[in-house]
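For reference, the structure is listed below as structure tokens.
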Number of protein chains: 2
Amino acid sequence: MNNRLKVLRAERDWSQQDLAERLEVSRQSVNAIEKGRYDPSLPLAFKIADVFGLTIEDIFSRD
Amino acid sequence: MNNRLKVLRAERDWSQQDLAERLEVSRQSVNAIEKGRYDPSLPLAFKIADVFGLTIEDIFSRD
DNA sequence: AATCAATGACAAGTATGCTTTCCATAAATG
DNA sequence: CATTTATGGAAAGCATACTTGTCATTGATT
């Protein structure tokens, strides 16, 4: 899975830590997901879509 | 998470086994997801959306 | 009545997601 | 130069997703 987290964070000037707090997960989870080391669970994907006001498909795509 | 799998299967007259084969997962996984015992991974959610020609948001929702 | 297809669920095992803790690097700031 | 902030990643542990195998129930068919 590819994701646009880095760009979406940059647009909002959010650090990984900022995003982690909004998502209520650890910074390491944000980093690992952003770098593609693993995929978020579906509930977390929904939460990510929520905080960016986008759909899951806007943010994640299959490679 | 709620899901519309049962209805979507019914509309297509697919058994859980039929859907499992299209998704390349076990029938037990389809059953567990459909009954809400656990959520699919994000890659599987994408695949589910694919086989139904819908978005993840069309199929799954947070409760 | 006997069989079969579909569904629901449990158990044990493997794989993946997520946590905390820790370390390293690079860029900005006092 | 010393410190802080942001990022990337490893290790160990717990939680969840998914597997195969098995069993029980229900409804349809023969």
Side-chain angles (χ1 to χ4, degrees):
Chain A
M1 305 258 337
N2 292 325
N3 71 76
R4 305 207 310 120
L5 291 184
K6 188 166 187 168
V7 169
L8 294 171
R9 277 196 308 107
E11 287 173 353
R12 290 157 182 78
D13 196 24
W14 291 350
S15 67
Q16 292 181 348
Q17 181 65 45
D18 292 333
L19 177 55
E21 283 166 11
R22 290 170 198 264
L23 296 173
E24 298 177 291
V25 297
S26 68
R27 181 187 68 82
Q28 284 77 355
S29 288
V30 168
N31 182 265
I33 291 164
E34 181 169 314
K35 299 299 291 180
R37 283 208 300 283
Y38 55 73
D39 301 314
S41 66
L42 186 57
L44 182 51
F46 266 96
K47 208 162 183 178
I48 292 169
D50 269 5
V51 308
F52 287 119
L54 297 170
T55 66
I56 290 174
E57 288 82 358
D58 285 333
I59 303 173
F60 297 93
S61 61
R62 295 208 275 180
D63 37 20
Chain B
M1 307 258 335
N2 293 326
N3 72 76
R4 305 207 308 121
L5 290 185
K6 189 166 187 168
V7 168
L8 294 171
R9 276 196 308 106
E11 287 173 353
R12 291 157 181 78
D13 196 25
W14 291 351
S15 67
Q16 292 182 347
Q17 180 65 44
D18 292 333
L19 177 55
E21 284 167 10
R22 290 171 197 265
L23 297 173
E24 298 176 291
V25 297
S26 68
R27 181 188 68 82
Q28 286 82 350
S29 289
V30 169
N31 182 263
I33 292 164
E34 181 169 314
K35 299 300 291 181
R37 283 208 300 284
Y38 55 73
D39 300 315
S41 67
L42 185 58
L44 182 50
F46 266 96
K47 209 162 183 179
I48 292 169
D50 269 4
V51 307
F52 287 118
L54 297 170
T55 67
I56 291 174
E57 287 82 357
D58 285 332
I59 303 173
F60 296 93
S61 61
R62 294 208 277 181
D63 37 21

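No experiment lies behind these values; they were computed from the predicted model shown. Convention: sequence-line order gives letters A, B, ...; per-chain numbering from 1.
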5' priority, DNA chain C, between B/Gln17 and B/Ser41 [closest heavy atom]
B/Gln17
So what does A/Ser26 hit on the nucleic acid, given a heavy-atom distance under 4.0 Å: a base, only sugar-phosphate, or nothing?
base
Rounded to whole angstrom units, what separation is found between the CG atom of A/Leu19 and the P atom of D/dG8?
13 Å
In whole angstroms, the gap separating P of D/dA17 from CG of B/Leu23 amounts to 16 Å
Protein-nucleotide distance (A/Asp39, atom CG; C/dA15, atom C1'), rounded to Å:
13 Å
Atom CD of A/Glu24 to atom P of C/dT19: distance rounded to whole Å?
11 Å
Do B/Gln28 side-chain and D/dT22 base share a donor-acceptor contact under 3.5 Å?
yes
Check the distance between D/dC18's P and B/Lys47's NZ and give it to me in whole angstrom.
11 Å
Nearest whole Å is fine: how far is D/dA17 P from B/Glu34 CD?
16 Å
Give the intermediate values and the outcome of side-chain contact (heavy atoms from CB on, under 4.5 Å) for residues B/Lys47 and A/Arg62.
CA-CA 9 Å; B/Lys47 209 162 183 179; A/Arg62 295 208 275 180; 3.8 Å; yes
To the side chain of A/Tyr38, which of C/dG8, C/dA6, C/dG17 is closest?
C/dG17
Could you check whether the side chain of B/Arg27 and the base of C/dG8 have a donor-acceptor pair of N or O atoms closer than 3.5 Å, going by distance alone?
yes
Counting side-chain heavy atoms from C-beta on, which of C/dT7, D/dC18, D/dG8 comes nearest to B/Val25?
D/dC18
Output the rounded distance in Å from CG (A/Leu44) to P (D/dT16).
14 Å
Can you measure from CG (B/Leu42) to OG (A/Ser41) and round to the nearest 0.5 angstrom?
8.5 Å
Is it the case that atom CG in A/Asn2 sees more than 12 heavy atoms from other parts of the structure closer than 6.0 Å?
yes
Starting at CG of A/Asp13 and ending at C1' of D/dA6, how long is that distance when rounded to a whole Å?
12 Å
Whichever of B/Leu42 and A/Asn31 has the more 5' nearest nucleotide on DNA chain D, that residue is A/Asn31
side-chain contact (heavy atoms from CB on, under 4.5 Å) evaluation trace for A/Ile48 with A/Leu5
CA-CA 9 Å; A/Ile48 292 169; A/Leu5 291 184; 3.8 Å; yes
Supply the atom-to-atom distance A/Ser61 OG to B/Phe46 CZ, rounded to the nearest 0.5 angstrom.
7.0 Å
Nearest to the side chain of A/Arg37 - D/dC18, D/dG8, C/dG8?
D/dG8
Closest nucleotide among C/dG8, D/dG8, C/dT19 to the B/Gln16 side chain
C/dG8
